[in-house]
Visitor: 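First the structure, then my questions, so here it is.
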Number of protein chains: 2
Amino acid sequence: MNDEPKRYHHGDLRRALLDTALEMLSRDDGWQFTLREVARRAGVSHTAAYKHFSDKADLLAELALVGFERLREALIAARPAEPESLRVAYLEMSAAYVQFGTANPNLYRLTFSNEARISANPRLKQRADAALQVLIDLFVGGQRAGWLRERDARAQANAAWAQLHGLVLLMIDGLLDEPIAAASLAIMLEGLEA
Amino acid sequence: MNDEPKRYHHGDLRRALLDTALEMLSRDDGWQFTLREVARRAGVSHTAAYKHFSDKADLLAELALVGFERLREALIAARPAEPESLRVAYLEMSAAYVQFGTANPNLYRLTFSNEARISANPRLKQRADAALQVLIDLFVGGQRAGWLRERDARAQANAAWAQLHGLVLLMIDGLLDEPIAAASLAIMLEGLEA
DNA sequence: ACCTGAACACCGTTCAAGT
DNA sequence: ACCTGAACACCGTTCAAGT
């Protein structure tokens with residue numbers, strides 16, 4: 001027999017709620033969904049969510065955690081195994097960053113929306129740092145290989161991160177089109193090269 | 001006699017509502033105020049606002065307009081009359097940009113929040129472009145004076161804008177402190193210089 | 001013309017109660 | 001342990017009505 005009458009959500013309503021919210025972020029426009037709507041789509045009463053999240057901000061923080069993690073994975077996936085130049089590695093990874101943001105505008109916005117108070121949340125701050133670390137590693141490696149101007153790699157990584165973050169948000173907002181964003185990336189790269 | 005009993009808001013409730021909202025943005029934390037609260041603080045029934053704004057998004061769009069205008073003014077005010085180098089002009093103006101954003105976090109966030117659908121609103125798009133134009137002018141002048149690498153000035157301006165935008169947002173979110181932001185600006189500048 | 005009050009369809013959150 | 005239903009104090013928006 002199959003189990004149409006749902007039996008207490010196989011014990012993982014928490015996961016189900018997160019997945020439902022992530023799906024809403026990927027489909028709908030806007031990241032400002034309501035808790036009640038998430039519960040509704042998960043097929044559960046809206047008060048059930050409070051057994052798994054202390055409040056809406058808590059749910060948002062959990063989703064931001066996922067956002068930072070996926071961003072980090074996207075950067076790592078784009079990192080060439082044996083880069084023959086900073087140019088290649090940087091262009092691949094920055095393109096992956098912009099691609100991730102523009103392909104997941106709602107999740108990206110939510111991740112950085114600070115409804116979740118990123119800097120006050122140690123777990124979130126740590127995941128943000130983990131994503132940034134991928135860029136720092138890139139620049140540390142680039143300097144070691146002599147491809148980069150010798151400046152503080154952390155500052156270089158933050159300079160790049162800020163630009164990538166800004167590019168993604170301006171593109172999401174329709175204030176910057178792809179060709180100009182690509183030209184901006186090239187200008188940044190050129191300025192970093194040795 | 002003085003006029004404690006308010007008499008229909010001197011005919012400019014629209015202005016009063018905008019000013020009240022701007023004051024709330026400068027005082028409170030968060031930019032997600034409610035329409036009802038604005039009306040309340042302006043001493044008027046919450047439905048009165050609808051005589052002056054078609055809906056809440058319309059009010060937000062008007063505030064974003066103010067945000068872009070003030071940003072432009074801050075950049076212009078920081079522009080040296082007779083810059084003796086790109087370095088001086090760029091550092092002054094980029095510092096002014098970051099200063100504006102971090103000093104007015106709620107207004108800055110709201111301006112770029114896109115609740116007002118910037119790119120779909122011709123007036124807003126135009127003001128955003130006007131603010132960007134100040135940076136473009138800086139780079140056009142910088143190239144003419146031979147201080148800048150000869151690249152498309154518009155792309156250079158957008159590269160800088162994206163970084164400034166990202167820096168401000170990351171700083172507001174507590175993900176970047178002032179020293180690293182300053183180092184990031186210096187790295188960007190260095191990369192642009194001839 | 002400009003503003004109000006009641007009303008509608010929502011929210012987030014709490015809490016006693018059910019299984 | 002996990003979920004529900006009713007309730008509370010809010011929203012944004014509409015609309016008939018007042019001056």
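Throughout, a chain's letter reflects where its sequence line sits, starting with A, and its residues are numbered from 1.
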Visitor: Looking at D:dT4, does its base get a donor-acceptor pair with the side chain of A:His46 below 3.5 Å?
Guide: no

Visitor: Please report the distance, rounded to the nearest Å, between CG in A:Asp55 and P in C:dC11.
Guide: 17 Å

Visitor: With a 4.0 Å cut-off, would you call B:Arg149 and B:Glu193 a salt bridge?
Guide: no

Visitor: When you get a sec, tell me which of D:dT4, C:dA7, C:dT14 is the closest nucleotide to the side chain of A:Val44?
Guide: D:dT4

Visitor: Expressed in angstrom and rounded to an integer, what is the separation of B:Arg36 atom CZ from C:dC8 atom C1'?
Guide: 11 Å

Visitor: With no angle test and no hydrogens, is the base of C:dG5 tied to the side chain of B:Thr47 by a donor-acceptor pair under 3.5 Å?
Guide: yes

Visitor: Kindly indicate, with the supporting measurements, whether the criterion ring pair (Phe, Tyr, Trp, His ring centres under 6.0 Å) is fulfilled by B:Phe68 and B:Tyr108.
Guide: CA-CA 8 Å; B:Phe68 280 124; B:Tyr108 192 87; 8.6 Å; no

Visitor: Nearest-Å distance, CZ (B:Phe53) to C1' (D:dT14)?
Guide: 18 Å

Visitor: In whole Å, I'd like the distance from the CD atom of A:Glu37 to the P atom of C:dC11.
Guide: 7 Å

Visitor: Atom OH of A:Tyr50 to atom C1' of D:dA7: distance rounded to whole Å?
Guide: 14 Å

Visitor: Would you indicate, yes or no, if C:dC11 has its OP1 or OP2 atom less than 4.0 angstrom from a side-chain nitrogen or oxygen of A:Thr34?
Guide: yes

Visitor: Indicate whether any N or O donor in one side chain lies under 3.5 Å from an N or O acceptor in the other, for B:Gln133 and B:Asp129.
Guide: no

Visitor: Examine C:dC11: is either OP1 or OP2 under 4.0 Å from a nitrogen or oxygen in the side chain of A:Arg40? Give yes or no.
Guide: yes

Visitor: Does C:dC3 have OP1 or OP2 sitting under 4.0 Å from an N or O in the side chain of B:His52?
Guide: yes

Visitor: Nearest-Å distance, CZ (B:Phe33) to C1' (D:dC10)?
Guide: 17 Å

Visitor: Find the distance A:Leu13:CG to D:dC3:C1' and express it as a whole number of Å.
Guide: 9 Å

Visitor: Under 4.0 Å, counting only non-hydrogen atoms across every strand here, what does B:Lys56 touch: a base, just sugar-phosphate, or nothing?
Guide: sugar-phosphate

Visitor: Of the listed nucleotides (C:dT4, C:dG12, D:dC3), which one gets closest to any side-chain atom of A:Lys51?
Guide: D:dC3

Visitor: Are B:His46 and B:Arg36 close enough, and set up right, to give a side chain to side chain donor-acceptor pair (under 3.5 Å), and what steps lead you there?
Guide: CA-CA 5 Å; B:His46 63 274; B:Arg36 286 170 105 114; 3.2 Å; yes

